[in-house]
Engineer: 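Right, I'll just put the structure down here and ask away after.
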Amino acid sequence: MVPINEIKSKAMPLPLPNIDTDQIIPKQFLKRIERTGYGDFLFYDWRYNLDVPDSVTPNADFVLNKPEYQGAQILIAERNFGCGSSREHAAWAINQFGFLAVIAPTFADIFFSNAGKNGIILVRLDDEQVKTLMDRSIKNPDHIITVNLEHQTVTDDAGFKATFEIDPFRKFCLLNGYDDIGLTLRHIEDLDKFEEKHNNEFWSAPKLATK
Amino acid sequence: MSTPKTLFEKVWQQHLVAEPAGEPPLLYIDLQLVHEVTSPQAFEGLRIAGRKLRRPDRHIATVDHNVPTTSVEDRLHIVDQIASKQVQALRTNCADFGIEFFDVQDASQGIVHMIGPELGATKPGMTIVCGDSHTSTHGAFGAMAFGIGTSEVEHVMATQTLPQSKPKTFRITVDGELPFGVTAKDIILDIIGKIGTDGATGYAIEYAGSAIRALSMEGRMTVCNMSIEAGARAGMIAPDETTFEYLKGRRFSPQGDAWEQAVAHWRTLPTDEGATFDREMHIDAATLAPAVTWGTSPGMHATIDGKVPSLDDARSDADRKSFAKAYEYMDLQPGMPMEQITIDTVFLGSCTNGRIEDLRAAAAVVKGHHIAAKIRAMVVPGSQQVKRQAEEEGLDAIFKTAGFEWREPGCSMCLGMNPDILQPGERCASTSNRNFEGRQGRGGRTHLVSPEMAAAAAITGHFTDIRKWKSAELNLATKQMLAEGGSL
């Protein structure tokens with residue numbers, strides 16, 4: 001994971017609640033076995049006109065296709081962003097399209113976890129704050145927002161300033177670009193010790209007792 | 001005496017490997033279930049890092065999401081080359097890393113959340129994960145089970161642990177007797193409607209109360225399965241005699257003395273008297289009615305005798321916006337009676353309602369009838385075992401005589417990753433778990449219902465109040481089935 005701290009960018013407004021991972025990346029792209037190349041499929045069903053068979057053209061009305069929002073590294077949405085399926089492909093698609101932060105009032109649990117493992121900062125602000133930023137980005141696509149992870153702040157040139165909460169461990173991993181497995185393996189002695197005891201607790205073994 | 005604990009707290013504490021300062025607790029994972037869609041990148045990650053799978057004996061794999069359900073031949077030779085490659089990747093990965101794999105025509109193949117319980121791999125007090133949000137299903141056994149992303153799948157493969165922040169606890173007590181025609185599906189849809197699709201975000205739910213206790217394991221799995229649709233990390237039900245009865249004698253269940261010891265341990269798991277939860281909710285089962293979703297989120301539902309709600313019924317501005325978008329997508333008008341909504345397709349199956357009891361209940365409704373003109377109806381057993389059992393009981397004949405297609409096991413039309421999809425505008429009565437836009441196929445319109453309600457809709461061609469179903473006939477069919485050795 002690439003270390004991340006400050007993102008200063010225009011923001012893409014997506015003023016909808018409950019944007020589920022089926023919308024973020026539809027199921028047909030989950031058949032791939034690769035970990036990259038998902039950016040082109042982000043919000044596929046909203047992003048392309050697919051009514052004519054075998055013809056895929058961009059839907060000019062959808063915000064992702066609007067020239068004035070190209071290059072945005074921040075996505076703004078309403079509550080419960082990322083609900084539904086556990087597909088990490090949703091986080092891959094958002095990241096690989098070029099977003100480094102998503103601002104919303106709330107996020108669904110599994111998506112929240114997936115995003116953190118893919119170098120995406122999820123910023124939870126209250127409804128009013130999100131609305132303020134959303135309105136400014138709708139009115140002015142070039143409106144610049146700054147997300148600073150180290151200081152846990154969101155600011156803009158028009159005087160907006162908010163702080164956001166983030167789990168200190170998550171913050172530490174994002175700032176340093178650390179991968180979880182390596183971090184967990186620092187606790188290998190605890191794990192070996194636990195497992196030795198737990199191996200005897202046969203009722204929690206998935207298969208027949210392996211004593 | 002020690003402090004009273006909840007079921008969740010007991011399972012959590014029994015799996016704590018480490019609690020390092022400034023980091024989330026490290027939790028031991030007893031079982032990881034693996035399927036073709038969310039695993040290839042995890043195996044690739046292990047290979048790149050030169051890591052081994054720490055505990056192959058704590059992994060079980062099968063194929064379910066991608067596999068066609070049309071015929072054995074179609075399953076063995078998947079036409080979609082991308083899907084075929086993904087299935088083949090799982091075969092290779094399981095062989096390379098030593099994971100027991102239930103391949104497409106194995107007698108134990110099925111939807112991953114069906115086969116864990118069927119094999120007896122899912123047991124009370126375990127921690128279970130899978131790269132699939134409906135892993136919450138296994139909580140029906142008193143296990144702590146939750147869906148994870150692919151990075152976490154890889155993490156569990158490498159370490160058999162997960163760093164996990166501790167969720168809060170939420171007890172939902174459903175007391176009383178369910179009225180005729182009201183099922184486990186209606187309980188969970190009611191809960192999601194009441195608390196919202198993010199109502200339980202950050203919580204592990206425990207379902208309790210006499211109505212939950214009275215449910216079979218199949219019904220309990222239906223309830224726990226959809227916990228994620230309310231945003232919950234997990235949904236759990238305390239193990240009891242019903243649980244033990246279900247597990248006894250299964251392939252991976254302990255036997256003899258070990259069985260007795262296991263049961264003794266499992267009896268210590270239920271929530272202690274006096275234990276407290278972060279949040280509580282009570283529901284009177286007698287007030288429930290058969291539910292039908294009308295919109296594009298599982299919380300958007302009405303009772304069968306109700307109407308598509310109006311914008312005035314929305315609880316917030318956000319809901320109003322969602323309602324407006326849903327009317328358009330679903331092509332429905334506010335105020336329209338639910339019973340007047342006509343359908344094109346019926347899908348009976350999925351990890352929510354693809355179990356034997358679901359098929360029995362639907363068959364009892366269908367028996368002696370034929371599906372309405374122009375309806376496409378399919379039954380997709382959740383697993384090979386369910387399919388065999390249903391065929392032994394003659395349920396397949398009942399469905400086929402009534403005009404249903406009888407398919408091979410898999411996820412099928414629940415998520416449309418295989419050839420079973422809805423066409424744009426096609427309206428489906430589905431026993432699955434998600435009615436998101438495009439979930440069952442781009443432009444497809446999904447209405448979530450119980451198996452009984454799906455069956456009745458197939459016969460009449462529109463949503464129909466199962467409570468008013470020619471009950472004499474229904475009872476007769478039920479009696480006949482019981483006489484033939486089936487059970488409800």
Side-chain angles (χ1 to χ4, degrees), chain A residues 15-18 20 22-23 26-28 30-35 45 50-51 78-80 83-89 91 106-111 113-114 117-118 127 167-169 172 179-181 183-188 190-191 193-195 198 201-210, chain B residues 17-18 20 22-24 26 28 30-31 37-38 40-41 44 57-58 60 66 80 82-83 85-86 89 121 123 125-126 131-133 147-152 154-155 158-159 161 163 165 197-198 201-202 231 233 252 254 258 262 265-266 297 318 321-322 415-417 434 436-439 442:
Chain A
L16 286 172
N18 301 315
D20 60 77
D22 274 84
Q23 307 315 320
K27 65 257 164 207
Q28 61 267 37
L30 274 52
K31 294 177 191 167
R32 302 173 71 244
I33 60 173
E34 295 81 12
R35 201 169 184 132
D45 284 359
L50 303 166
D51 299 333
E78 295 182 9
R79 72 173 166 81
N80 203 24
C83 61
S85 152
S86 64
R87 57 190 71 167
E88 193 162 325
H89 311 66
T106 57
F107 296 92
D109 261 356
I110 305 178
F111 176 77
S113 173
N114 287 338
K117 295 176 197 313
N118 288 281
D127 290 301
D167 170 70
F169 183 66
F172 165 79
D179 133 287
D180 276 8
I181 296 177
L183 289 165
T184 292
L185 290 174
R186 292 173 304 153
H187 306 298
I188 190 80
D190 286 338
L191 174 56
K193 208 159 41 169
F194 178 89
E195 205 168 50
H198 195 61
E201 295 167 340
F202 61 88
W203 50 82
S204 58
K207 303 185 188 176
L208 289 171
T210 48
Chain B
V17 172
E23 296 176 29
L26 196 60
Y28 196 77
D30 288 324
L31 169 64
V37 176
T38 54
Q41 295 87 356
E44 187 195 1
D57 60 319
R58 290 188 180 275
I60 286 174
N66 265 348
D80 178 342
I82 306 173
K85 195 171 160 193
Q86 198 174 54
K123 287 182 278 278
M126 291 174 72
D132 187 282
S133 59
I148 56 177
T150 299
S151 292
E152 290 171 312
E154 183 183 341
H155 193 283
T159 69
T161 65
S165 56
T197 50
D198 57 356
T201 302
R233 183 90 61 88
F252 292 146
H265 169 68
W266 296 336
S297 135
K321 196 151 39 174
S322 300
L415 84 168
M417 269 195 73
R434 286 194 178 126
F436 297 155
E437 282 186 27
R439 170 80 178 179
R442 188 167 193 266

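In what follows, every chain begins at residue 1, and chains take the letters A, B, ... in the order their sequences are listed. Note that the coordinates shown come from a computational prediction; the quantities given were computed from them, not determined experimentally.
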Engineer: Look at the side chain of A:K27 and the backbone N and O of B:G438, then say whether any donor-acceptor pair between them is shorter than 3.5 Å.
Structural biologist: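 Between the backbone of B:G438 and the side chain of A:K27 there is a qualifying donor-acceptor contact (under 3.5 Å).
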Engineer: Measure A:D180 against the heavy atoms of chain B and call it side chain, backbone, both or neither at under 4.5 Å.
Structural biologist: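 For A:D180, the contact with chain B is made by backbone and side chain together.
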Engineer: Compare all side-chain heavy atoms of A:Q23 with those of A:L16 and state whether any distance is below 4.5 angstrom.
Structural biologist: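 They are not in contact (no side-chain heavy atoms under 4.5 Å apart), so the answer is no.
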Engineer: Measuring heavy-atom distances to chain B, does A:D109 have an atom under 4.5 Å in its side chain, in its backbone, in both, or in neither?
Structural biologist: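 Backbone plus side chain of A:D109, per the 4.5 Å heavy-atom cut-off to chain B.
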Engineer: Tell me the closest heavy-atom pair linking A:F107 and B:T201, and the distance in Å.
Structural biologist: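 That closest heavy-atom pairing would be O-CG2, 3.8 Å.
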Engineer: Quick check for you: among A:H89, A:E201, A:R87, A:R79, which has the greatest number of heavy-atom pairs under 4.5 Å with chain B?
Structural biologist: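 Option with the greatest count: A:R79.
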Engineer: Pick from B:P24, B:A18, B:G131: which one has the most heavy-atom pairs with chain A under 4.5 Å?
Structural biologist: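 Max contact count across the listed options: B:P24.
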Engineer: Report yes if some heavy atom in the side chain of A:H187 is under 4.5 Å from a heavy atom in the side chain of B:E23; otherwise report no.
Structural biologist: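 A:H187 vs B:E23: side chains touch.
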Engineer: Does A:Q28 reach the main-chain N or O of B:G416 with its side chain, forming a donor-acceptor pair under 3.5 Å?
Structural biologist: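 Checking the backbone N and O of B:G416 against the side chain of A:Q28, no donor-acceptor pair under 3.5 Å is found.
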Engineer: Looking at A:K31, A:K193, A:E88, which one has more heavy-atom pairs under 4.5 Å with chain B than the rest?
Structural biologist: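 Highest number of pairs under 4.5 Å: A:K31.
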Engineer: Counting N and O atoms only, with roles assigned by atom type, does the side chain of B:K321 sit under 3.5 Å from a partner on the main chain of A:P17, one being a donor and the other an acceptor?
Structural biologist: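 Side chain of B:K321 to backbone of A:P17: no pair is present.
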Engineer: Please classify the contact of B:A83 with chain A as side chain, backbone, both or neither, using a heavy-atom distance under 4.5 Å.
Structural biologist: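 Both backbone and side chain.
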Engineer: Hey, which of A:D45, A:N118, A:D190, A:D179 has the most heavy atom pairs under 4.5 Å with chain B?
Structural biologist: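 When all of A:D45, A:N118, A:D190, A:D179 are compared, A:D45 has the most.
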Engineer: Identify which part of A:I110 has an atom lying under 4.5 Å from any heavy atom of chain B, answering side chain, backbone, both or neither.
Structural biologist: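 When you check distances to chain B, only side chain atoms of A:I110 fall under 4.5 Å.
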Engineer: Can you tell which part of B:I82 gets under 4.5 Å to a heavy atom of chain A, answering side chain, backbone, both or neither?
Structural biologist: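 For B:I82, the contact with chain A is made by backbone and side chain together.
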Engineer: For A:F202 versus B:A258, what's the shortest heavy-atom pair and its separation?
Structural biologist: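 Closest approach of A:F202 to B:A258: CE1-O, 3.2 Å.
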Engineer: Just so I understand: if I count every heavy-atom pair under 4.5 Å between each of B:T150, B:D132, B:D80 and chain A, which residue has the most?
Structural biologist: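 Top option by heavy-atom pairs under 4.5 Å: B:T150.
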Engineer: Counting heavy-atom pairs closer than 4.5 Å to chain B, which one of A:E78, A:H198, A:R32 comes out on top?
Structural biologist: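 It is A:H198.
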Engineer: For each of A:C83, A:S113, A:A91, A:P26, tally heavy-atom pairs with chain B at distances under 4.5 Å, and name the one with the top tally.
Structural biologist: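 Of A:C83, A:S113, A:A91, A:P26, A:S113 has the most heavy-atom pairs under 4.5 Å with chain B.
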Engineer: For A:F111, which atoms come within 4.5 Å of any heavy atom of chain B: side chain, backbone, both, or neither?
Structural biologist: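 Looking at A:F111, nothing touches chain B.
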Engineer: Where the side chain of A:N114 meets the backbone of A:S86, is there a donor-acceptor pair that is under 3.5 Å apart?
Structural biologist: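 Such a contact is found between A:N114 side chain and A:S86 backbone.
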Engineer: Between B:M126, B:E152, B:M417, B:E154, which residue shows the highest count of heavy-atom pairs closer than 4.5 Å to chain A?
Structural biologist: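 Top count of heavy-atom pairs under 4.5 Å with chain A: B:M417.
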Engineer: Taking the side chain as every heavy atom from C-beta outward, state whether B:T161 and A:F194 have any pair of such atoms under 4.5 Å apart.
Structural biologist: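 Sidechains of A:F194 and B:T161: no contact.
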Engineer: If I measure from the heavy atoms of chain A, does B:R233 come under 4.5 Å with its side chain, its backbone, both, or neither?
Structural biologist: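 It is both, since atoms from each part get that close.
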Engineer: Between B:T159 and B:H155, does any side-chain donor sit less than 3.5 Å from a side-chain acceptor?
Structural biologist: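 The criterion, which ignores hydrogens and geometry beyond distance, is satisfied for B:H155 and B:T159.
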Engineer: With a 4.5 angstrom heavy-atom cut-off, could you sort out which part of B:N66 is near chain A: side chain, backbone, both or neither?
Structural biologist: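 Side chain only.
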Engineer: Contact part of A:L50 toward chain B, heavy-atom cut-off under 4.5 Å: side chain, backbone, both or neither?
Structural biologist: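 The answer is both parts of A:L50.
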Engineer: Of the listed residues (A:S85, A:P206, A:G84), which shares the most heavy-atom pairs with chain B below a 4.5 Å separation?
Structural biologist: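 Of the candidates given, the most pairs with chain B belong to A:P206.
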Engineer: Out of B:K123, B:H265, B:E437, B:R434, return the one with the most heavy atom pairs under 4.5 angstrom to chain A.
Structural biologist: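 That would be B:H265.
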Engineer: Determine whether a donor-acceptor pair (N or O, by modelled atom type, separation under 3.5 Å) exists between the side chain of B:R58 and the backbone of B:L31.
Structural biologist: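 Not a single qualifying donor-acceptor pair exists.
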Engineer: Quick one: do the B:S151 and A:R35 side chains pair a donor with an acceptor below 3.5 Å?
Structural biologist: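 A pair is found: one side chain offers a donor N or O, the other an acceptor, under 3.5 Å apart.
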Engineer: With a 4.5 angstrom heavy-atom cut-off, could you sort out which part of B:E44 is near chain A: side chain, backbone, both or neither?
Structural biologist: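 Just its side chain gets close to chain A.
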Engineer: For the pair A:T106 (side chain) and A:N80 (backbone), establish whether a donor and an acceptor sit closer than 3.5 Å, ignoring hydrogens and angles.
Structural biologist: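 A pair under 3.5 Å: yes.
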Engineer: Let me know if A:F169 has heavy atoms under 4.5 Å from chain B in its side chain, its backbone, both or neither.
Structural biologist: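 Looking at A:F169, backbone and side chain both touch chain B.
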